[in-house]
Amino acid sequence: MTATETRLTDYIHQTLPLTVQPDGAKCGLPRSYTTPCVKEDFMHFFYWDTYFTNLGLFEIGMYDQAENNLCNIASLIERLGFMPNADVLTDRSQPPLFVRGVYDYWRRTGDRSCIARFLPAMLREYEFWMTERMTPCGLNRYQGQADSPVLGEFSRGIRRRLRLGEAPAETDEALGFLAVAESGWDFSSRFFTQGRCNALELCPVDLNAILYDVECKLGGFLELAGREDEAGQMRLRARDRRERMRLLMREPADCVYYDYNFAKGETTGKLTAAALAVWAFGVEENPSGLFAVLGALETEFGLLSSERGSGERKFQWDYPMMWPPLAYIGAAAALRAGERQAAVRLMKKYCRTVEQVFCETGKLWEKYDVVRCGVGESVEYATPPMMGWTAGVYLHFKSQLNKS
């Protein structure tokens with residue numbers, strides 16, 4: 001390793017454990033939990049952040065804390081019926097990565113008993129998505145809880161954050177904002193058309209790819225539990241979802257998948273890194289569309305969240321930003337498609353950008369500008385220093401690259 005790699009790896013090994021909060025009871029959690037940041041910003045237990053944090057915990061040998069995080073997620077699902085955005089943000093969920101997190105833990109530790117322990121919570125979360133987030137076309141959407149007691153306050157806060165001006169709180173707009181928050185992409189032009197948030201009309205390609213992965217893995221878990229009939233039904237659901245996604249989301253001209261607007265019966269045509277999820281989670285095998293996406297989004301310094309010049313206002317999940325979870329999905333997509341050279345290239349670019357900015361600032365960050373190779377400049381709020389998914393993806397990539 002170079003001196004920079006050694007210094008950054010040592011920094012993560014010393015600092016990532018500091019994100020562990022020992023008193024879960026203060027947040028109503030049964031175990032100690034991790035936060036995305038060490039202090040100040042984002043000091044609660046967040047859903048999809050935790051999946052990527054666990055990747056880092058595996059690499060530094062903190063398997064007990066990774067299991068604690070899974071136990072906390074299961075506890076919240078048992079209490080609420082779903083895993084919320086965070087322990088204090090219970091009016092929406094986030095990308096449903098719990099099943100994949102359990103699978104990762106099992107594969108890393110060999111602890112098969114975790115499947116039986118977590119299977120009730122995994123199935124309950126899946127039922128939530130299939131009953132509360134289903135659309136008429138047979139695919140799923142993000143939504144949020146319509147009975148949120150703070151819906152109006154939330155909407156007004158988002159309008160200020162996005163500099164949309166003061167306006168009376170409208171329920172449809174507020175629920176659309178809540179749906180974007182549930183996606184984790186808060187905020188992105190992929191969920192806006194001509195200034196209007198249309199998130200409630202969209203079946204996001206990444207959400208449905210994740211749910212395909214959930215169905216495949218649940219099928220395997222049910223089979224291991226001796227529940228063969230249920231396993232077969234789950235696999236049929238996965239097959240049906242894949243066929244629907246290919247029919248509704250894939251454009252024959254470029255073999256790329258796009259978000260599907262079920263209200264209009266057409267794709268949005270907006271190319272984003274979310275498209276890579278179909279390869280990362282096994283929906284698609286043909287790599288031709290993968291190269292089309294990378295050709296549009298890959299820069300010298302990493303993977304863009306979306307193309308430049310969408311015609312919308314500037315959001316933080318748009319050009320020129322690279323976000324660690326999307327970098328992970330991009331590399332996973334290339335690996336799953338059998339394109340290891342592309343995967344190695346993406347992983348190296350992510351690591352080099354994180355290392356260069358660490359040399360300049362002494363910190364890791366929530367997001368990065370991969371046009372100029374720097375900290376992602378404040379767009380909606382000041383970009384915080386972050387361990388969580390940034391450190392987790394970095395350590396995961398370094399481990400993968402060492403196997404090359």
Side-chain angles (χ1 to χ4, degrees), residues 82 93-100 103 122-144 176 179-180 182-185 188 190-191 193 198-223 229-290 292-293 326 329 332-333 336-337:
F82 66 98
S93 186
Q94 273 197 323
L97 291 168
F98 176 51
V99 171
R100 190 175 181 88
Y103 178 86
M122 290 189 285
L123 290 171
R124 187 171 184 188
E125 182 189 40
Y126 176 70
E127 186 63 20
F128 164 81
W129 285 94
M130 296 306 290
T131 56
E132 301 296 323
R133 301 292 188 264
M134 181 57 73
T135 71
C137 73
L139 296 175
N140 297 76
R141 70 175 177 181
Y142 290 114
Q143 183 175 323
V180 181
E182 186 167 86
S183 78
W185 287 55
S188 165
R190 68 184 284 213
F191 295 111
T193 298
N198 64 344
L200 294 175
E201 301 172 359
L202 303 183
C203 296
V205 62
D206 46 350
L207 170 61
N208 283 278
I210 292 170
L211 287 172
Y212 172 79
D213 185 58
V214 166
E215 289 160 344
C216 291
K217 286 181 169 50
L218 282 178
F221 289 158
L222 287 164
E223 183 175 15
D229 289 346
E230 293 171 85
Q233 292 170 8
M234 195 63 71
R235 291 189 174 113
L236 286 175
R237 288 188 176 190
R239 186 178 69 182
D240 178 68
R241 183 182 302 276
R242 182 175 61 187
E243 292 174 354
R244 287 176 186 271
M245 290 181 70
R246 289 179 173 178
L247 176 66
L248 300 176
M249 294 178 161
R250 184 172 63 175
E251 291 291 350
D254 56 12
C255 296
V256 172
Y257 288 68
Y258 298 88
D259 296 334
Y260 180 72
N261 188 316
F262 66 87
K264 294 183 177 180
E266 62 187 25
T267 66
T268 64
K270 294 182 179 181
L271 193 151
T272 73
L276 294 167
V278 299
W279 289 277
F281 298 110
V283 175
E284 183 59 72
E285 298 172 354
N286 186 334
S288 61
L290 169 75
V293 178
L326 301 186
I329 288 173
R336 188 85 179 251

Asker: Give, for atom OG of S183 and atom CG of L202, the distance between the pair rounded to the nearest 0.5 Å.
Answerer: 10.0 Å
Asker: Taking all heavy atoms of L218 and all of M234, pick out the closest pair and write down the distance.
Answerer: CB-CG, 3.8 Å
Asker: Pick from R100, R242, R235, R241: which one makes a salt bridge (charged side-chain N to carboxylate O under 4.0 Å, His left out) with E215?
Answerer: R241
Asker: Any chance you could lay out the side-chain contact (heavy atoms from CB on, under 4.5 Å) test for F221 and V99, step after step, and finish with the verdict?
Answerer: CA-CA 10 Å; F221 289 158; V99 171; 4.0 Å; yes
Asker: Does the side chain of Y126 come under 3.5 Å of the side chain of R237 through a donor N or O and an acceptor N or O?
Answerer: yes
Asker: Say you draw a straight line from CD of Q94 to CD1 of I210; how long is it, rounded to the nearest 0.5 Å?
Answerer: 10.5 Å
Asker: Which heavy-atom pair separates G184 from P95 by the least distance, and what is that distance?
Answerer: N-CD, 4.3 Å
Asker: Are the side chains of L207 and W129 in touch, meaning some heavy atoms are under 4.5 Å apart?
Answerer: yes
Asker: With side-chain contact (heavy atoms from CB on, under 4.5 Å) as the test, would you mind laying out the steps for M249 and Y258 before giving the verdict?
Answerer: CA-CA 5 Å; M249 294 178 161; Y258 298 88; 5.9 Å; no
Asker: Is a side-chain N or O of R141 found less than 3.5 angstrom from the main chain of L200, in a donor-acceptor match?
Answerer: yes
Asker: Given side chains that start at C-beta, do those of D259 and K270 come closer than 4.5 Å, heavy atoms only?
Answerer: no
Asker: How many angstroms lie between atom CZ of R190 and atom CG of N198, to the nearest 0.5 angstrom?
Answerer: 10.5 Å
Asker: Over 60° means perpendicular and under 30° means parallel, so tell me whether F82 and F128 are parallel, tilted or perpendicular.
Answerer: parallel
Asker: Find the distance between CG (N140) and OG1 (T131) and round it off to the nearest 0.5 Å.
Answerer: 9.5 Å
Asker: In Å, rounded to the nearest 0.5 Å, how long is the span from OG1 of T272 to CH2 of W185?
Answerer: 4.0 Å
Asker: Using a 3.5 Å distance criterion without hydrogens, assess whether the side chain of E182 forms a donor-acceptor pair with backbone atoms of Q143.
Answerer: yes
Asker: Specify the closest pair of heavy atoms between G176 and A199, including all atoms of both residues, with the distance to one decimal.
Answerer: O-CB, 3.7 Å
Asker: Do E251 and V256 have side chains that get closer than 4.5 Å, going by heavy atoms?
Answerer: no
Asker: If every non-hydrogen atom of A337 is compared with every non-hydrogen atom of W279, which pair is closest and at what distance?
Answerer: CB-CD1, 4.1 Å
Asker: Which residues satisfy the side-chain hydrogen bond (donor to acceptor under 3.5 Å, both in side chains) test with E132, sequence neighbours excluded?
Answerer: none
Asker: Please name the residue in the list T267, T135, L248, N261 that meets the side chain to side chain contact (heavy atoms under 4.5 Å, CB included) test with C203.
Answerer: T135
Asker: From L211 CG over to D206 CG, what is the distance, rounded to the nearest 0.5 angstrom?
Answerer: 10.0 Å
Asker: Less than 4.5 Å apart, any side-chain heavy atom of R250 and any of N286?
Answerer: no
Asker: Looking at every non-hydrogen atom in both residues, tell me the closest pair between V293 and A275 and how far apart they are.
Answerer: CG2-CB, 4.1 Å
Asker: Between F262 and C137, which heavy-atom pair has the shortest distance, and what is it?
Answerer: CB-SG, 4.0 Å
Asker: Between L222 and L123, does the side-chain contact (heavy atoms from CB on, under 4.5 Å) criterion hold? Intermediate values first, please.
Answerer: CA-CA 10 Å; L222 287 164; L123 290 171; 4.2 Å; yes
Asker: List the steps, then state whether side-chain contact (heavy atoms from CB on, under 4.5 Å) holds for E284 with R246.
Answerer: CA-CA 8 Å; E284 183 59 72; R246 289 179 173 178; 3.8 Å; yes
